[in-house]
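What follows is a short report on a single structure.
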Amino acid sequence: MSAHADAQNMIAARLLDGRDRVMSLPVLVIMPHNRCNCRCMMCDIWKIRQVRELTAEDLTPHLNSVRELGVKWVIFSGGEPLLHPHLSELSSLFRNEGIRVTLLTAGLLLERRAEMIAKNFDDVIVSLDGPIEIHNRIRAVPGAFQRLVRGIGALRRWRAEIPVRGRCTVQKENFCRLRDTVRAGHLMALNSISFLAADLFSAAFNRTQGWPEERRSKVALNCREVEQLADEMEALIRDNQKDIEDGFIVESPCKLRRIVLHFRAQLGQCPPASPPCNAPWVSAVIDADGSLLPCFFHQSIGNIYSGSLKDVLNSERAINFRRHLDISANPICQRCVCSLHLASSRTDIDRL
Ligand code: SF4
Ligand code: SF4
């Protein structure tokens with residue numbers, strides 16, 4: 001049977017079993033504020049001038065859906081969520097429901113808002129893109145690294161045991177300093193660090209028209225650099241074996257090597273390969289303008305101002321999107337840097 005017939009049969013089977021209706025949504029990502037106070041070279045979100053924010057009044061009508069869909073984990077992402085003046089109010093909506101609430105932040109405001117965060121969030125993920133000079137250069141904010149360190153210190157003074165995890169976006173400025181980044185993570189007393197490749201092609205990060213080649217080349221790797229990345233990755237796997245075994249480095253060696261393959265695919269050295277992912281069936285992203293996205297990279301499937309979260313998630317448009325999405329063949333998925341593959345178990349969520 002041909003691959004095309006296989007795909008047709010798969011879609012037909014899904015039509016019959018109603019699999020593309022979402023009745024359970026373990027993970028909900030919310031972007032409460034659309035602007036950012038960093039100026040990162042791999043992102044254009046900081047260029048947004050018009051402020052958009054979600055309020056408690058916007059989200060409260062969706063709490064019934066949140067209950068019905070069994071949301072277990074809410075992640076506040078951005079933009080920079082800490083620019084939102086009433087973030088604690090938003091967080092309380094979900095914590096009052098017994099839902100784990102995570103803050104994903106670049107950390108410039110961590111110190112100033114440490115008490116609020118310690119009291120209103122279960123855990124924090126910070127962007128850490130290298131040792132001091134590299135991190136500050138990528139953020140394009142002098143002292144960003146030092147502010148992050150002070151912020152984590154302040155957070156731990158308010159709540160010593162609060163988990164703080166790091167996330168490093170691999171790109172031209174830091175690809176040969178991965179081991180130093182892990183070292184920096186230890187010095188900051190992070191609980192763990194994870195790596196992902198920089199996204200260069202999607203319309204996410206306020207790049208609605210995509211990037212011109214000249215801009216992309218400032219973040220992408222060339223043929224020589226990708227060989228250096230391969231060497232650095234092998235050195236990381238070899239030298240930091242204990243960090244991988246005890247989970248300080250979140251990714252397995254296989255997943256770390258996939259980052260190298262991702263950059264190789266960009267150079268045409270190997271075919272692009274989609275990661276395992278079921279994000280559009282187990283999660284959703286609410287943007288600051290109320291748009292509901294199936295993941296960070298695909299386009300909106302509706303808006304939370306037009307109906308309940310559960311209804312928008314199961315609108316004809318949303319179901320059609322999922323029904324026709326073939327992750328292995330979709331070109332956006334084939335270039336995806338941040339996928340989610342989740343069984344519907346609590347253990348899976350705790351591991352993330
Ligand atoms: S990558 Fe993150 S921290 Fe940097 S400008 Fe974009 S949203 Fe802000
Ligand atoms: S692979 Fe990436 S782009 Fe495709 S659905 Fe999953 S998260 Fe979205």
Side-chain angles (χ1 to χ4, degrees), residues 20 22 27 29 31-49 52 75-84 103-110 124-130 134-141 144-145 147-148 151 166-171 173-174 196-207 211 215 218-219 255 258 262 265 272-285 287-288 292-301 318 321-342 352:
D20 295 300
V22 171
V27 179
V29 179
M31 301 179 175
H33 185 97
N34 66 335
R35 297 192 61 208
C36 187
N37 51 358
C38 284
R39 299 171 65 86
C40 298
M41 44 207 318
M42 64 286 192
C43 167
D44 284 346
I45 284 182
W46 55 271
K47 293 181 179 168
I48 295 172
R49 289 287 163 259
R52 283 215 167 105
I75 302 145
F76 284 98
S77 180
E80 174 52 69
L82 289 177
L83 289 174
H84 194 292
L103 171 68
L104 210 157
T105 173
L108 297 185
L109 293 171
L110 264 188
V124 178
I125 300 172
V126 296
S127 306
L128 172 64
D129 282 338
I134 307 268
H135 180 86
N136 289 348
R137 193 154 61 231
I138 290 175
R139 301 278 134 200
V141 176
F145 185 97
R147 283 166 76 172
L148 184 53
R167 177 171 291 183
C168 172
T169 304
V170 179
Q171 52 152 303
E173 285 287 339
N174 62 9
L196 74 164
D199 169 51
L200 299 173
F201 291 95
S202 83
F205 306 105
N206 191 33
R207 293 181 307 222
W211 263 352
R215 176 81 199 278
K218 295 198 167 124
V219 179
K255 279 194 173 168
R258 216 181 280 156
H262 183 85
S274 302
C277 179
N278 59 358
W281 290 268
V282 297
S283 69
V285 179
D287 208 345
L292 189 69
L293 316 175
C295 68
F296 283 109
F297 306 106
H298 282 287
Q299 293 203 335
S300 165
I301 47 173
F321 168 79
R322 289 188 292 270
R323 190 169 287 162
H324 293 104
L325 178 64
D326 177 356
I327 289 189
S328 63
N330 182 281
I332 295 177
C333 296
Q334 286 177 336
R335 290 176 155 167
C336 179
V337 296
C338 185
S339 57
L340 175 69
H341 194 250
L342 202 65
L352 291 167

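Counting convention: from 1, in listed order, for ligands and their atoms alike.
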Taking all heavy atoms of [X] and all of [Y], pick out the closest pair and write down the distance.
X	Y	answer
Gln334	Ser328	NE2-O, 3.1 Å
Ala288	Arg52	CB-O, 3.6 Å
Pro276	Ser339	O-OG, 3.7 Å
Pro81	Phe76	CG-O, 3.6 Å

Revision key, fill the gap. Within a distance under 2.8 Å of atom 2 (Fe) of ligand 2, the protein atoms of type N, O or S are Cys336 SG
Taking 4.0 angstrom as the limit and counting only heavy atoms of [X], give me the atoms of ligand 1 inside it, by number and element.
X	answer
Arg139	3 (S), 4 (Fe)
Ala106	3 (S)
Cys40	1 (S), 3 (S), 4 (Fe), 5 (S)

Practice item. Would you indicate whether Arg137, at its atom CZ, is surrounded by more than 12 heavy atoms from other residues, nucleotides or ligands within a distance under 6.0 Å? Key: yes
Practice item. Verify the neighbour count for atom CZ of Arg35: are there more than 12 heavy atoms of other residues, nucleotides or ligands below 6.0 Å? Key: yes
Practice item. May I ask you to test the Met42-Ile138 pair for a side-chain heavy-atom distance under 4.5 Å? Key: yes
Check your understanding: Among Leu82, Val126, Ile125, which one satisfies side chain to side chain contact (heavy atoms under 4.5 Å, CB included) with Leu103?
Key -> Leu82
Revision key, fill the gap. Near Pro280 (heavy-atom distance under 4.0 Å), the atoms of ligand 2 are 5 (S)
Practice item. Would you kindly specify which portion of Cys36 sits under 4.0 Å from ligand 1, judged on non-hydrogen atoms: side chain, backbone, both or neither? Key: side chain
